[in-house]
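What follows is a set of notes on a single structure, which appears directly below.
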Number of protein chains: 2
Amino acid sequence: MTPTSNNGKTGISIPAATMERLPRYLMQLFRLRRKNCDSVNSQSLGEALGLKDTQIRKDLSYFGVFGKARYGYNVEYLIKAIESILGLTSEYNLAIIGVGNLGKALANYAVQVNSNFVLKLLVDTNPEIIGTTVADLPVRSMDDLPQLLSTQEIHIGIIAVPEKAAVDVANILVEGGVRALYNFSQAELHHIEGVFIENASISYGVYKLAHHLSGSWPRKK
Amino acid sequence: MTPTSNNGKTGISIPAATMERLPRYLMQLFRLRRKNCDSVNSQSLGEALGLKDTQIRKDLSYFGVFGKARYGYNVEYLIKAIESILGLTSEYNLAIIGVGNLGKALANYAVQVNSNFVLKLLVDTNPEIIGTTVADLPVRSMDDLPQLLSTQEIHIGIIAVPEKAAVDVANILVEGGVRALYNFSQAELHHIEGVFIENASISYGVYKLAHHLSGSWPRKK
DNA sequence: CTAATTTCGTGCATTTTATCTCGAATGACG
DNA sequence: CGTCATTCGAGATAAAATGCACGAAATTAG
Ligand SMILES: NC(=O)c1ccc[n+]([C@@H]2O[C@H](COP(=O)([O-])OP(=O)(O)OC[C@H]3O[C@@H](n4cnc5c(N)ncnc54)[C@H](O)[C@@H]3O)[C@@H](O)[C@H]2O)c1
Ligand SMILES: NC(=O)c1ccc[n+]([C@@H]2O[C@H](COP(=O)([O-])OP(=O)(O)OC[C@H]3O[C@@H](n4cnc5c(N)ncnc54)[C@H](O)[C@@H]3O)[C@@H](O)[C@H]2O)c1
């Protein structure tokens with residue numbers, strides 16, 4: 001059976017909460033692979049992620065049988081399976097708009113995360129930044145962006161510009177055919193038909209920590 | 001009644017999901033304040049955040065009565081109320097360890113987010129970075145960190161160093177009395193008794209977008 | 001003043017999610 | 001080769017979260 005098959009469970013809708021957890025499983029599996037672990041059981045995987053073992057088994061069971069009794073899950077196989085479920089079978093081309101501090105950090109980070117994400121384009125307006133090389137890519141001018149988008153397909157546009165420029169940048173990307181935006185600016189990007197927008201929110205974590213320090217944040221088991 | 005009071009609902013435990021949403025409400029309220037909106041109703045707040053209006057009313061009702069019929073919620077008052085619930089009444093001192101690209105971005109960002117977070121300390125090991133000024137603060141040497149932590153109280157330690165240095169940095173911070181860590185490195189920080197650890201996860205968002213592009217991510221209504 | 005209308009707050013039904021439980025499969029070991 | 005311990009898979013059950021529906025409060029209009 002291929003990792004993608006659903007083990008005959010057609011029609012069953014996967015809980016959204018399960019889908020949200022899959023990337024976390026994947027990251028932990030990558031860590032295990034780096035440590036040369038061949039297999040992992042639901043209990044230790046759960047401990048690493050702060051989840052109950054039954055939670056993990058149930059999540060994975062929605063997609064078919066991946067584990068073996070008395071052994072657990074094969075790390076490599078499970079990585080392939082989850083990548084397949086998440087649609088990481090094909091490559092995704094990334095463009096980062098705004099190569100300031102955050103843009104640079106993201107550019108360097110993007111190449112590490114997963115080989116399915118390929119950084120293709122870095123764009124800025126600042127003449128001092130245009131032409132420099134970041135993460136082995138030249139920074140291009142914002143003026144050329146529409147033309148660049150017509151030449152190569154960009155799947156995900158990462159917006160790392162100041163708040164007031166974000167909406168304009170988003171529009172240019174969408175006009176150029178980009179269907180998924182990852183917005184790091186504080187701007188509020190309104191919903192655009194047919195475009196998936198994900199907002200990064202580094203501040204939420206700080207709020208959580210503050211609340212923890214101030215009293216008792218309700219613990220998730 | 002003060003915004004902190006619980007309207008007589010003592011003993012009722014607040015759903016974890018509600019607590020997770022409060023920071024999002026707060027961010028949206030900040031946006032509205034910047035646009036000089038005085039009031040907002042549950043419906044428009046819900047639309048902006050992709051939530052049902054009833055969800056928002058229910059969440060807020062756990063903490064008491066904040067709204068008025070036919071008017072909605074006073075933005076300023078609701079900000080104060082949520083800040084109070086989240087423990088943002090006192091100030092929190094931040095230290096950023098690792099002033100590379102990400103550290104710099106976070107330093108500049110931290111000062112914008114909320115005046116309750118005060119960036120106090122920037123630390124690095126690189127001699128070329130030590131002594132430079134970022135976000136109006138001098139970058140100090142990592143060697144001095146233990147001493148610096150004994151001089152001033154740091155509430156939240158933000159870790160923006162390479163993966164292999166992260167565990168050491170975490171230990172030094174904890175030994176220096178820091179009780180909350182915000183980890184941006186890919187390292188897995190094991191649970192430390194009495195310390196709250198929050199892991200940033202920029203990659204999850206990209207996985208989500210990839211899955212969306214590859215098929216149909218289960219929509220949250 | 002009264003009626004119409006908006007929008008809140010909340011009890012309760014529904015839906016979704018997490019956890020418990022246990023049979024079955026697997027491999028270790030004598 | 002049979003027994004035993006372990007770990008999975010998944011149905012049943014419990015818990016949590018969501019969303020509906022309606023009464024109450026507040027504002028506007030006539
Ligand atoms: N979401 C988060 O958690 C988080 C964290 C840090 C920073 N940020 C945000 O990310 C953004 C960037 O932060 P930064 O620290 O890198 O700022 P920065 O000023 O260092 O970088 C912004 C870059 O965008 C470029 N730029 C400006 N207008 C542009 C345009 N119209 N098109 C293309 N490029 C343009 C600038 O030349 C600059 O290089 C800010 O909005 C900041 O608030 C968000
Ligand atoms: N979580 C995310 O989404 C995300 C995004 C981008 C980067 N990152 C991670 O953040 C980290 C930093 O990224 P970056 O792009 O800023 O890298 P960078 O190399 O530009 O910066 C790292 C800085 O840490 C300093 N440093 C190294 N060892 C140190 C130590 N022991 N004590 C103090 N400082 C030390 C270095 O001198 C350097 O200035 C990396 O681990 C990267 O993977 C995470």
Side-chain angles (χ1 to χ4, degrees), chain A residues 1 3 5-22 24-25 37-75 77-78 81-82 217-221, chain B residues 1 3 5-22 24-25 37-75 77-78 81-82 217-221:
Chain A
M1 184 182 55
S5 83
N6 201 358
N7 203 28
K9 297 187 202 315
T10 45
I12 292 175
S13 83
I14 311 296
T18 294
M19 295 308 294
E20 299 276 342
R21 276 188 294 270
L22 292 181
R24 299 182 57 200
Y25 297 168
C37 293
D38 280 349
S39 71
V40 64
N41 61 34
S42 54
Q43 196 175 4
S44 65
L45 197 52
E47 269 164 27
L49 296 171
L51 299 168
K52 285 247 166 28
D53 55 343
T54 52
Q55 179 77 84
I56 285 166
R57 290 206 299 279
K58 164 116 329 190
D59 280 347
L60 296 176
S61 77
Y62 287 117
F63 303 100
V65 180
F66 300 130
K68 275 205 288 204
R70 248 222 79 144
Y71 168 82
Y73 301 89
N74 181 276
V75 169
Y77 180 77
L78 194 52
I82 295 180
W217 185 272
R219 292 298 178 99
K220 251 197 188 153
K221 196 67 254 303
Chain B
M1 184 182 56
S5 83
N6 200 358
N7 204 25
K9 296 187 204 312
T10 46
I12 293 176
S13 82
I14 312 295
T18 294
M19 294 308 294
E20 299 278 343
R21 277 188 293 270
L22 291 181
R24 300 181 58 202
Y25 296 168
C37 293
D38 280 349
S39 70
V40 65
N41 62 35
S42 56
Q43 196 175 2
S44 65
L45 197 52
E47 268 163 28
L49 297 171
L51 299 167
K52 285 247 164 37
D53 55 344
T54 52
Q55 180 76 83
I56 286 166
R57 291 204 299 278
K58 170 137 298 207
D59 281 347
L60 295 176
S61 78
Y62 287 117
F63 303 100
V65 179
F66 301 130
K68 277 206 290 205
R70 242 204 104 136
Y71 167 80
Y73 301 90
N74 180 277
V75 170
Y77 180 78
L78 194 53
I82 295 180
W217 185 272
R219 290 300 175 99
K220 251 197 187 151
K221 197 65 255 292

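In what follows, chains carry the letters A, B, and so on, assigned in the order in which the sequence lines appear, proteins first and then strands, with residues in each chain numbered from 1. Keep in mind that the numbers below use all heavy atoms, side chains included, and drop hydrogens, waters and symmetry copies.
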It should be established whether [X] places a side-chain nitrogen or oxygen under 4.0 Å from OP1 or OP2 of nucleotide [N].
{"X": "R57(B)", "N": "dG9(C)", "result": "no"}
{"X": "Y62(B)", "N": "dA16(D)", "result": "no"}
{"X": "Q55(A)", "N": "dT17(C)", "result": "no"}

For [X] and [N], what is the distance between atoms [atom1] and [atom2] respectively, to the nearest whole Å?
{"X": "D59(A)", "N": "dG9(D)", "atom1": "CG", "atom2": "C1'", "result": "13 Å"}
{"X": "L60(B)", "N": "dG9(C)", "atom1": "CG", "atom2": "P", "result": "7 Å"}
{"X": "D53(B)", "N": "dT6(C)", "atom1": "CG", "atom2": "P", "result": "14 Å"}
{"X": "R21(B)", "N": "dA17(D)", "atom1": "CZ", "atom2": "P", "result": "8 Å"}
{"X": "K58(A)", "N": "dA15(D)", "atom1": "NZ", "atom2": "P", "result": "16 Å"}
{"X": "I14(B)", "N": "dT18(D)", "atom1": "CD1", "atom2": "P", "result": "14 Å"}
{"X": "L78(A)", "N": "dT7(D)", "atom1": "CG", "atom2": "C1'", "result": "15 Å"}
{"X": "I56(A)", "N": "dA10(D)", "atom1": "CD1", "atom2": "P", "result": "16 Å"}

Terminal axes of the helix from dC1(C)-dG30(D) to dG30(C)-dC1(D) (five pairs each): angle between them, nearest 10 degrees: 10°

Heavy-atom closest contact ([X] atom, [Y] atom, distance):
{"X": "L60(A)", "Y": "F66(A)", "result": "O-CE1, 3.6 Å"}
{"X": "I56(A)", "Y": "L45(A)", "result": "CD1-C, 3.7 Å"}
{"X": "D38(B)", "Y": "Y71(B)", "result": "O-OH, 4.0 Å"}

From C-beta outward on [X], which listed nucleotide comes closest to its side chain: [options]?
{"X": "K52(A)", "options": "dC20(C), dT10(C), dG9(D)", "answer": "dC20(C)"}
{"X": "S61(A)", "options": "dA17(D), dC8(C), dA10(D)", "answer": "dA10(D)"}
{"X": "P15(B)", "options": "dA17(D), dT10(C), dA10(D)", "answer": "dA17(D)"}

Residues touching DNA chain D, which here means a heavy atom under 4.0 Å, drawn from residues 39-46 of chain B: none

In Å and rounded to the nearest 0.5 Å, what is the OG1 to CD distance from T54(A) to Q43(A)? 10.5 Å

Hey, could you give me the CZ/NZ distance between R57(A) and K52(A), rounded to the nearest 0.5 Å? 12.0 Å

Tabulated below should be each protein N or O lying under 3.5 Å from an N or O of nucleotides 26-30 of chain C; please produce it.
unit_1	atom_1	unit_2	atom_2	d
dG27(C)	N2	R70(A)	NH1	3.2

Decide yes or no for F63(B) and I14(B): does some side-chain heavy atom of the first lie under 4.5 Å from some side-chain heavy atom of the second? yes

Only counting residues at least two apart or in another chain, list the ones meeting side chain to side chain contact (heavy atoms under 4.5 Å, CB included) with D59(A). T18(A), R21(A), Y25(A), Q55(A), Y62(A)

Those residues that, when tested against S44(A), pass side-chain hydrogen bond (donor to acceptor under 3.5 Å, both in side chains) (two or more places apart): N41(A)

Can you list the residues that meet the salt bridge (charged side-chain N to carboxylate O under 4.0 Å, His left out) rule with R24(B), with sequence neighbours excluded? none

